[in-house]
Amino acid sequence: MMRKQLTTGLFVFICLVSGASAGELKTQVQKESYSIGVSTGSYISNQLFEQSEMGAKSDVNAVIDGFIDALKKQQKLKDEEIVTYLNDRAETLNKVSQEKFKQALDQNIAAGKKYIAANAKNKNVKTTKSGLQYEVLTLGAGEKPKKESIVMMNYKAYLVDGTVFDDTYVRKEPAHLSMINIIDGLQEGLMLMPEGSKYKLVIPNELAYGNADMQEIPAGSTVVFEVELVKVLKPGELANSAKPLSDEEIKQAHGGIEKKRL
C-alpha cells in the first residue's frame, strides 16, 4: 500500500512538473527531457519507499513542492537549513539501520547457539576446543591436509535454517582450495579428515564469517558444511589447480564469499 501511495504521488509530481509538455512526445528534446523526469521520479520513489520500510515517514506533497520550488529557484528554506534537515534525516535512518542490524545479528547468533546445542545431543557429534562441531559420515584412510595444503573437495554449505549458499554438487565440479584461504572452522575441520572422508561440520559464527553480512550469509550466522575431502594435492600435482588462487577464484569457490584476511 505504501509503495502504491508513493508511486501515485510521484506520478502526479511528474505530471505537475511536466506542465504543458505532458502530451505526446514528438521531438528528441521532449523525449530526452521526459526521460530525465521519469528517471528522477523513479529514483525518488525508490528512496522514499526504502525509507518508509525502515519506518521513516515522508510527506509526498512536500517532496513535490520542494522539487518544483527547486526548479523555479523559489525554495522556502535556506541552504543551511536544508543541509541540517537532511543530516537529521540521515542520522535517523542510520540509527534505525543500526538497530535493525543489531536485532538481526542477535537473532542469528541465538539461532546458531540453539542449533549447536541441539546438534550436541547427537552421540555421533564431537566438539573441539574452539567450538567446532563435527560428525563423521564416512571415514577415509588417506592423508590429512595441513595448513599449507591445497585440497580438492566437494561440499554443500548452508545456514542453520537450511538455506543453501554454496554447493559444488550443483556445479558438478569439485573445488580446489588453498587451506590458507578458507574460513577458520572449515580449515580446522578439514585438518581432521583423511582423504576419502565425508564430515558434517557445524561452524559457529566466530569461526565462520563473523558479525558482518557476507552476501547470502547474514551477520552472526552459524554455518554448516557437509564436506567430502576428495584429495590432498601434492606439489606439482594438478598444477593448474595447485597454483595460488586469485581473489576472483577464491570468490567463485565460495560462491562469491571471500574469507576475511587476518
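As a basis for the values below, the full set of heavy atoms in this structure was taken, side chains included, without hydrogen atoms, waters or symmetry mates.
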Is it true that a side-chain atom of [X] and a backbone atom of [Y] form a donor plus acceptor pair closer than 3.5 Å?
X: Glu81; Y: Lys78; result: yes
X: Ser33; Y: Val29; result: yes
X: Asp166; Y: Ala157; result: no
X: Ser221; Y: Ile217; result: no
X: Ser45; Y: Gly41; result: no
X: Gln187; Y: Met179; result: yes
X: Thr168; Y: Tyr155; result: yes
X: Ser39; Y: Ser35; result: no
X: Glu24; Y: Lys26; result: no
X: Ser97; Y: Asn94; result: no

Go through the steps for Lys198 and Val227 under the test side-chain contact (heavy atoms from CB on, under 4.5 Å), then give the verdict. CA-CA 5 Å; Lys198 185 173 183 179; Val227 184; over 6 Å; no
For the pair Leu190 and Ile182, evaluate side-chain contact (heavy atoms from CB on, under 4.5 Å) and give the outcome as yes or no after the intermediate values. CA-CA 10 Å; Leu190 284 167; Ile182 60 179; 3.6 Å; yes
Is it the case that [X] and [Y] place a side-chain donor and acceptor less than 3.5 Å from each other?
X: Tyr158; Y: Glu226; result: yes
X: Gln133; Y: Asn119; result: yes
X: Ser58; Y: Arg89; result: yes
X: Thr128; Y: Glu188; result: yes
X: Glu99; Y: Gln103; result: no
X: Glu228; Y: Ser197; result: no
X: Asn108; Y: Asn205; result: no

So which residues get pulled into Phe101's cluster when ILVMFWY side chains under 4.5 Å apart are joined, directly or through others? Leu105, Ile109
Take Lys200 and Val224, measure what side-chain contact (heavy atoms from CB on, under 4.5 Å) needs, and give me the verdict at the end. CA-CA 7 Å; Lys200 177 182 177 182; Val224 183; 3.8 Å; yes
Residue pair [X] / [Y]: nearest heavy atoms and the distance that separates them:
X: Pro194; Y: Gly142; answer: CB-O, 3.3 Å
X: Leu93; Y: Met54; answer: O-CE, 3.3 Å
X: Ser130; Y: Leu207; answer: OG-CD1, 3.5 Å
X: Glu216; Y: Pro218; answer: O-CD, 3.3 Å

So if you build clusters from Ile, Leu, Val, Met, Phe, Trp, Tyr with side-chain heavy-atom gaps below 4.5 Å, do [X] and [Y] land together?
X: Leu132; Y: Val202; answer: no
X: Val232; Y: Leu201; answer: yes
X: Met191; Y: Tyr199; answer: yes
X: Phe225; Y: Leu192; answer: yes
X: Tyr169; Y: Leu229; answer: no

How many angstroms lie between atom [atom1] of [X] and atom [atom2] of [Y], to the nearest 0.5 angstrom?
X: Lys102; Y: Gln107; atom1: NZ; atom2: CD; result: 10.5 Å
X: Ser149; Y: Leu177; atom1: OG; atom2: CG; result: 12.0 Å
X: Met214; Y: Ile183; atom1: CE; atom2: CD1; result: 9.5 Å
X: Phe67; Y: Ile44; atom1: CZ; atom2: CD1; result: 5.5 Å
X: Lys57; Y: Thr92; atom1: NZ; atom2: OG1; result: 13.0 Å
X: Leu71; Y: Lys73; atom1: CG; atom2: NZ; result: 9.0 Å

Looking at Glu32, I'd like to know if its CD atom is crowded, meaning that more than 12 non-hydrogen atoms belonging to other residues, nucleotides or ligands lie closer than 6.0 Å. yes
State, yes or no, whether a side-chain contact exists between His176 and Leu233 at a heavy-atom distance under 4.5 Å. yes
Pairing of Asp167 and Arg171 as salt bridge, 4.0 angstrom limit: no
Trace of the side-chain contact (heavy atoms from CB on, under 4.5 Å) decision for Glu195 with Val230: CA-CA 6 Å; Glu195 283 180 340; Val230 179; over 6 Å; no
